[in-house]
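Heads up: the structure comes next, in structure tokens.
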Amino acid sequence: MAPMRRESDTDHPEWFQKKRKSRPLIVARWVPIALVGLPVATLLAIVIYPTVWMFYHSLRDTNIQGLFMGTHSHIGFSNYADVLGSERFQDSLLHLAQYLTFGACLQVIIGTVLALTLYEFVKSNAIRTVVLIMLVIPMMLPPSIVGVLWRFLLTPSNGAVNQALLNLGLIEQHIEWFNAGISLWSIIIADSWNWVALPLLIVYSGRVSLPPAVYEAARVDGASQWKVMRRITLPMLKEVIAIAFILRFTDAFKFVDLVYIMTSGGPAQSSELPTYIAFQRGIREFAVGEAAAYAIIIFIISAVIITLFLKYMKGVMRARGFA
Amino acid sequence: MSGVSLQKVNKIYGSGADSVHAVQDLDLEVSDGEFVALLGPSGCGKTSTLRMIVGLESITSGQILFGDRDISHLDPQDRNVAMAFETYALYPNFTVADNLSFPLEVLGLPAELQRKKTDEIAELLRITDILQAYPPELSGGQQQRVSLGRALIREPSVFILDEVMSHLDAHLKFSMLFDLKRLHRELRRTMIYVTHDQVEALALADRVAVMSNARMQQVGDRNTLYNRPANVFVADFIGEPPTNFFRAEVAYHDHDTIISVMDSDLTLQPGTAAATSLRESQRKEVIAGIRPQNLGFAETAHFLTADVEISEYLGERSMLTVVNGTTRFQAIAPPDLRVNPGTSVRLYYEPLNVMLFDPETETLIA
Amino acid sequence: MNHATGAMTAGGTERTQDAWRHVRYLFLAFLGLWIVFTVFPLYFMTITAFKSAAEANLTVPTFWPQEWQPRNFIGVFDERTNFNALVDSFVIASANTALSLFLGSLAGYAFARFPRQAGGENLAFWILSNRMFPPVAILVPMFFLFDNTPWGTDSHLSLIILYLVFNLPLATWLMMVFFRDAPVEIEEAAYLDGWTPLRAFFKVTLPLVIPGMISVAMLCWIFAWNEYLFANLFVGTAVRTYTIVIPTFTHGSQTLWNFQMAFSLLALIPPVTLFILLRRYMVRGLSLGVVKG
Amino acid sequence: MAHLEVEGICKGWEFPVIDELSFAVEEGEFFVVLGPSGIGKTTTLRLISGLETPDAGRILIGGTDQTRLPPYRRRIAMTFESYALYPHLSVYENIASPLRARRLPANERDKRVKDVAELLRIAHLLDRRPGEVSGGQKQRTALGRTLVADPEVFLLDEPISHLDAKIRHELRTQFHTLEDLRKVATVYVTHDYAEALSLGDRIGVMGTRGRLEQVGNPRDLFERPANLKVAEHLGQPTINVIPSRIRRDNNGLFLDSETGDLRLKLSGESEAALAGYSKDHVIAGLRPQYIRPIDEAADGMELLSAEVDVYEPLGTNGIMMANLGSMSLTALTDPEKHYETGQKVQIAVDVSGLHLFDADSQVRLTGIT
């Protein structure tokens, strides 16, 4: 037999230039650039410009007066030093850690458990749909309603939650929901009420779209429901759950509104998150330079997380035939 | 190992006015170690039947026995049946090795034994080199082997294959057919192979069970289905190119029974047995059928005359589409035949090969 | 071997099934508890909306209105500005949605059809990353930027543009996902039929993505309708969105909970309705296209 | 001058797919490109249609260079392997699409759509959406959309290979009767040799990098394959490939298989083919229909003893894999007869069907060299 033709570099014909497989451009060359150009320009104007602005002022001693009079001077990284050295910032980082663990993470876990419980143990389609819609309604509410509603519900003296717990005999006296040490927990409760539906919906839909034939194969193989859950369902839902995690994590760095409405960071800064301080210092107190330093620090942390997320997302999207 | 016996099995989906009778009074006997193909067009109920045998679908009425064990209402895992799925249904997050050993893992077999059996089965199916790959990385043919392996590894008493070749391309399919046949010969397991492709069914199975419209039409080997099809459906469904059918009138002369095809000047001579049976019933009308393979150029006493419309050269053979009046039919010719369209040809046949069907019930006469 | 196998299967599954049954009740109980946790606030919100102002502020809250007062739902609009807030929210959300969808479709189409020529994967992912951008980092500069424009911060336009920060990346990304779902070959078939690219787009591609487009529009609309942080800072006098109006229902030092809740309930209707109608597509959007609805 | 001329087109991405492919199709000619999947057949059609631009080479239609013309300016109609029907439009609108693109008056458009639908027997489906019709009907709709266009060149990409055998059979026959297809230059792409043989006026067998291994009429291709690749691609079951050694003695010219299990005495054409051939080794190709299990030997027929390995009865014939010593041969049998694995059979080999190929280049030996 003749030797097989080998695809080596030297074997390539003269005309050949290696290039990535892509669809040919039927339209003129400028068309895609123009299509993308407008949205990109918009984002540059409303995202990149302000970020640069913030970075500039984070290096200056800008306050409200200075900003309007144009009198602010370069002070190097002392804003950053102040922020990083301040107890307020360090406390807020602890609060953030608490929020990420018991808010974001726990929400995804609870959402996953709820979604799988709903799918595996509730057999009636109608009931599933009704429960799903019920559980998702809080997500459709704006933060102002959520904040106001929970402030109302948790009012220590005559709030519905305390009253309900009293009536049920679960507590003997009112819980002071907005005291130091508890107020952040109250925010986390409200936030979980608001957002558990997101991981729930994502995981539920992920489960629905898993191929039924695989489950039939497992049934024929004789695998118990628990085994199927542990060895097949959860591994197959891995990426979907990861996406839910990432979405909730990145949201944590945008999270301000509930803090603002429910506790204003109080009492005595006990429920402040870094974002809230940036908001408070920049918007309420117009310490622009310091707020900018906060903002840039948050920006850097979230940029790291977003980058990690995008890397993961690229993998997922590629595996599904995108990009 | 055991045989499979389906007795008056029914499957009705839904209830009341919307109900669908997917499988109707189905009987099927598969003996121990036999390879039976369940053949039918899509929607004929074969998939429901197979799902009932496996236990993925409940039985509305009737019973299914494995050997003499009634398994009609057992869970799939208690039936000791294995199945290879049309879509392969491999666990995408497992390596090939883990896919193969999963049924053993479920049984709680020691890891070492699992590995040993996995290696054995991989050897048998020639997939040793891909044991560490993940299913999405594999070609269709490889995935299919893995899915066969996963079904085989548990050494089930009954082995079900659901359209396992329908996603393979022609060349691969052909070599897989031989492999599967060899596999059955080595393992001697009771196998039920579900397919809509008659070529696969005939090639593989000891016997073929033809289903249509929720009912079993005929069970038999190749020669029975070819030469004595129970009805028009079977005659049409089995064989490629499909059987030529003619609506015809019957005339009884002193000794002869002559079948004249409507809308043409063709006449057919039935075989002696058929002729006798016709005479007894004195029917006026029949559906006559003759396979294109049975019309040829080797001269015999009987022939049909028609004009060539299309002559196709197919390499190993030629195919003629001919017309007489408004009746169009086909014949297989040797490859070296060269005829131009419009030429009149004589196509010879043996009366024995003329199949006659009742025009109302479409069942075979005699 | 076969015998042993059979026995093992049966025994094993019986045990695990038994254990599983208990676990199942545990999980169902948890689901039930969570439903109570979810529904209780909604329930209390609803009944409060029907209470009188006095009853809503009782020292011992009631779990069933002593006296139904459906007039609250009209009462909230006694102050015309409250109704105007809904109108403002609607105008801003709709205009922002239209803008996001238009710009997003342009880029989404380009990314789906000419990924390389349009800047590639990295640009697409950069656009998406803006969706996760912390808004506090841009609030202050944008405030001063808009302050220097003729229309100022307290305007529809400022919010319409600002909301692009989160809606434009979302719309671009999701439209890309939907355009990719529309098979390229269909567009190519149209070229071969003699349709020019522009005509082919409107004849073939656009009709195919319209369901996706509607769901993206709804999602953007809900996000814009519900936005609070930007609105709270930027507007408040000439323009007020309903989200910033809600915390302001007070009478002297007393909060008018019944009005707050009644107004909230009304504002809840559009997003909840949209969700119920389009929940299958929404999931796709909420998970950034990773999960099929 | 040929109507469609493809001159040395090249195309590649990560590696070269089409390397200097040239062929020409006359007006009214039905040219079939036959090759295994993934060999570059579809790319060829996409290059001709303008959906891809070649890296080098020219495409002439009707004598004018259209290499750089966008697809919507060429008068080419093409069917896609996936049909590529517009799912949101009715069958009628799908077929009417090329006419609408050309802004044909409504009444003329209507007439032509209905005529084509009639011809393809889908007139009753015109109001349905593609999602509501069967696979065969989808294919007919796609075909209708191409036929109605009245193009200068037809390109058909595996139009029937994904259909069930029965419909495939029916549509293949119908391709013979579609006058429109026979009026202009048509390029038809398939991996099914039977389709190619049946339909093609000429057939080009495509090998790696879009090289045409052989171009010729159906009988030439099947009866005189230019090389082993062509021989292997045409015919089901695949031709038996027997690497052999040439032996001459007083009794004549013989072929001994490398395994030593098969000896064939050459005569006639195959003997002539080896005239002037100086090497010791040769590859023999023998189609399964020339190997038959036989009960009684006729005159001058040499019988070989073999053992059945696998036997599959099919419709028109049975296929037997038989072991001849350590060699495996595929033979065609009468399907009415049944063979068991392990059964001893006598096999007759008809040497008149022998193809001989050069042991190194795998090119057919003609005896002229």
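Chain letters run A, B, ... following the sequence lines, proteins first and then strands; every chain starts at 1.
Ring geometry for C:Phe230 against C:Phe166 counts as parallel: the plane angle stays under 30°, on a 0 to 90° scale with 60° as the upper cut.
Residues from residues 197-211 of chain C that place a non-hydrogen atom less than 4.5 Å from a non-hydrogen atom of chain D comprise C:Pro197, C:Arg199, C:Lys203, C:Val204, C:Pro207, C:Leu208, given in numerical order.
In terms of non-hydrogen atom pairs under 4.5 Å with chain C, the most contact-rich of D:Arg74, D:Arg145, D:Arg102, D:Arg75 is D:Arg145. Per-residue heavy-atom pair counts under 4.5 Å with chain C were compared for D:Arg103, D:Arg73, D:Met78, and the maximum is reached by D:Arg103. With respect to chain C, the highest number of heavy-atom pairs below 4.5 Å among D:His88, D:Arg100, D:Arg46 belongs to D:His88. Of the listed residues (D:Gly50, D:Pro87, D:Ala149), the greatest number of heavy-atom pairs within a distance under 4.5 Å of chain C belongs to D:Pro87. Of the listed residues (D:Pro151, D:Ala84, D:Pro98), the greatest number of heavy-atom pairs within a distance under 4.5 Å of chain C belongs to D:Pro98.
Side-chain N/O atoms of D:Glu158 and D:His191 include a donor and acceptor closer than 3.5 Å. A side-chain donor from one of C:Glu227 and C:Tyr163 sits under 3.5 Å from a side-chain acceptor of the other. For the residue pair D:Thr67 and D:Asp65, a side-chain donor N or O sits within less than 3.5 Å of a side-chain acceptor on the partner. Using modelled atom types, one finds a donor on one side chain and an acceptor on the other under 3.5 Å when comparing C:Asp193 with D:Ser97.
Checked against the 6.0 Å centroid threshold, D:Phe31 and D:Tyr188 do not count as a close aromatic pair. Between C:Phe90 and C:Trp225, the distance from one ring center to the other does not fall under 6.0 angstrom.
In this structure, the portion of D:Leu89 lying under 4.5 Å from any heavy atom of chain C is its side chain and not its backbone.
Cation-pi check for D:Arg109 over D:Tyr92 is not met; the charged atom does not lie both under 6.0 angstrom from the ring centroid and within 45 degrees of its normal. Cation-pi geometry between D:Arg209 and D:Phe15 is not met: the NZ or CZ atom fails to fall both under 6.0 Å from the ring centre and inside 45° of the normal.
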